[in-house]
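What follows is one structure encoded as structure tokens, with my remarks underneath.
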Amino acid sequence: MKASHGLAISEKHAAECILDYKRTHSFIKGIYKAIGKLLNNKSEEPIRILYAGCGPYAPLLLPILNLLENDRLYVTFIDVNEDSLAVLRKVVAKLNLEKYVESIKYADAITYKHPDKLDMICSETMFSALTREPQVSITENLLPQLAPHGILIPEEIKINLGFSRFVDEPIVDTRPKNYHIKGDITKTPEDVRTLFAIHKNMSVNSQKMNDVFFESDWLSIEKPYDENPDICIYTELKVFGEESLEKAETTLTNPFCVGSIRKLKEERTIKLKYITAGMPYWQVDYK
Ligand SMILES: C[S@@+](CC[C@H](N)C(=O)[O-])C[C@H]1O[C@@H](n2cnc3c(N)ncnc32)[C@H](O)[C@@H]1O
């Protein structure tokens with residue numbers, strides 16, 4: 001199924017995300033700590049949480065709900081997959097978690113408007129290098145709906161550029177019965193630099209006229225990069241506080257190849273664009 005920006009994966013594939021176990025574990029721990037902070041800071045007041053792209057099991061939040069004060073938590077779950085929501089309603093009923101749930105509803109998180117300011121927004125709708133899935137468009141829509149003290153999960157997604165030999169880069173495969181890392185976990189790319197970051201204080205342009213979220217300057221390539229000719233994107237993920245995910249620890253932080261130095265033209269410059277239209281993707285222009 002295709003959402004307005006990015007791929008809304010099937011109920012089966014959404015369910016399988018749980019098996020990316022370091023991701024699941026880190027998000028659960030981070031969200032538990034983040035809710036604890038909100039409960040401490042906001043005495044007596046309701047805590048409104050939106051879980052955007054919850055999938056059939058909402059695994060980043062459901063396992064910890066019973067550990068938290070239920071009379072203050074108002075959780076809204078949204079997804080664009082009706083089959084996933086039907087499963088989630090059954091799971092919530094089976095585990096007697098209705099007391100935490102404000103609603104479970106079909107909504108596109110790219111356009112959704114919540115009736116109240118939110119204390120926490122939680123969304124994991126991303127793939128390596130922010131391709132394929134609509135994490136950025138979802139964050140752009142939801143961020144203005146977060147209260148000033150509110151918490152965005154993940155707290156920061158940092159996108160870096162580096163030069164490497166992509167076949168040597170470590171890639172984790174978390175498919176059932178196939179869990180393994182191929183490549184060299186010690187491989188270090190050359191000349192790593194940050195391109196942009198997604199976080200609570202980023203500027204959101206709601207009047208945006210096109211879907212180019214990021215465009216670099218023309219970057220001049222002076223070195224030959226004979227050993228590391230591939231132009232790669234590296235994702236650093238800070239879930240919350242100390243909870244973070246490094247390269248190839250999860251499918252979300254797998255390195256991603258977007259181009260090659262071998263395509264350089266006379267001026268030896270490149271420009272990178274990250275485009276959120278359709279299925280989000282990277283474009284490299286060469287001069
Ligand atoms: C990577 S899965 C994650 C599922 C679950 N949260 C987990 O952590 O295992 C992403 C989920 O986001 C949903 N999704 C994708 N685009 C969406 C959108 N625009 N609005 C709401 N949900 C969306 C998909 O249907 C899918 O269930």
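As the structure lists them, so they are numbered: ligands from 1, and atoms in each ligand from 1.
Partners of Phe163 under the ring pair (Phe, Tyr, Trp, His ring centres under 6.0 Å) rule, at least two apart in sequence or in another chain, are Tyr225.
At a 4.0 Å heavy-atom cut-off, ligand 1 does not touch Glu82 at all. Residue-level proximity to ligand 1 for Tyr51 is carried by the side chain, the only part with a heavy atom below 4.0 angstrom. Here Ser84 has no heavy atoms under 4.0 Å from ligand 1, in either its backbone or its side chain. Counting heavy atoms under 4.0 Å from ligand 1, residue His13 does not touch it at all. Both the backbone and the side chain of Asp108 come within contact range of ligand 1, each with a heavy atom under 4.0 Å. Under 4.0 angstrom from ligand 1, the non-hydrogen atoms of Pro59 all belong to its side chain. With a 4.0 Å cut-off on non-hydrogen atoms, Pro56 does not touch ligand 1 at all.
Within the listing of ligand 1, atoms 27 (O) sit less than 4.0 angstrom from a heavy atom of Gly55. Under a 4.0 Å criterion applied to the non-hydrogen atoms of Pro134, ligand 1 contributes the atoms 16 (N). Of all atoms in ligand 1, numbered sequentially from 1 with element shown, those under 4.0 Å from a heavy atom of Ala109 are 18 (C), 19 (N), 20 (N), 21 (C). Counting the atoms of ligand 1 from 1 in the order shown, those under 4.0 Å from a heavy atom of Ala107 are 20 (N), 21 (C). Close approach of ligand 1 to Val80 (heavy-atom distance below 4.0 Å) involves ligand atoms 14 (N), 16 (N), 17 (C), 18 (C), 20 (N), 21 (C), 22 (N), 23 (C).
In terms of N/O distances under 3.5 Å, ligand 1 is not approached by Glu133. Checking only distances, Gly53 does come within under 3.5 Å of ligand 1, N or O to N or O. In terms of polar-atom proximity, defined here as any N/O pair under 3.5 Å, Glu124 makes no such contact with ligand 1. For Ile138, no nitrogen or oxygen atom sits less than 3.5 Å from a nitrogen or oxygen atom of ligand 1, counting backbone and side chain alike.
With salt bridges taken as basic N to acidic carboxylate O contacts below 4.0 Å, none links Glu236 and Lys247. The pair Glu190-Lys223 meets the salt-bridge criterion, with a side-chain N (NZ, NE, NH1 or NH2) lying under 4.0 Å from an Asp/Glu carboxylate O.
Remark: aromatic rings of Phe27 and His25 are distant, center separation not under 6.0 Å.
With Ile28, Leu60, Asp79, Ile78 as candidates, the residue nearest to atom 24 (C) of ligand 1 on a non-hydrogen basis is Asp79.
Looking at heavy atoms from C-beta onward, Leu252 lies out of side-chain contact with Ser128 at the 4.5 angstrom threshold. At least one side-chain heavy atom of Tyr286 sits under 4.5 Å from a side-chain heavy atom of Ile231.
The closest approach between a heavy atom of Cys54 and any atom of ligand 1 is below 4.0 Å. Ligand 1 is never approached by Met126 to a heavy-atom distance shorter than 4.0 Å.
Note on residues 257-271: pairs passing side-chain hydrogen bond (donor to acceptor under 3.5 Å, both in side chains), not counting sequence neighbours, are Glu215-Lys271.
Donor-acceptor pairing under 3.5 Å is recorded for the side chains of Glu243 and Ser26. There is no side-chain donor-acceptor pair under 3.5 Å between His149 and Asn41.
Relative orientation of the Trp282 and Phe196 rings is parallel, given thresholds of 30° and 60° on the angle between their planes.
Hydrophobic cluster membership differs between Tyr21 and Tyr32, with clusters built from Ile, Leu, Val, Met, Phe, Trp and Tyr side chains linked at under 4.5 angstrom.
By the neighbour-count criterion of 12 heavy atoms within 6.0 Å, atom CZ of Phe214 is densely surrounded, having more than that number from other residues, nucleotides or ligands.
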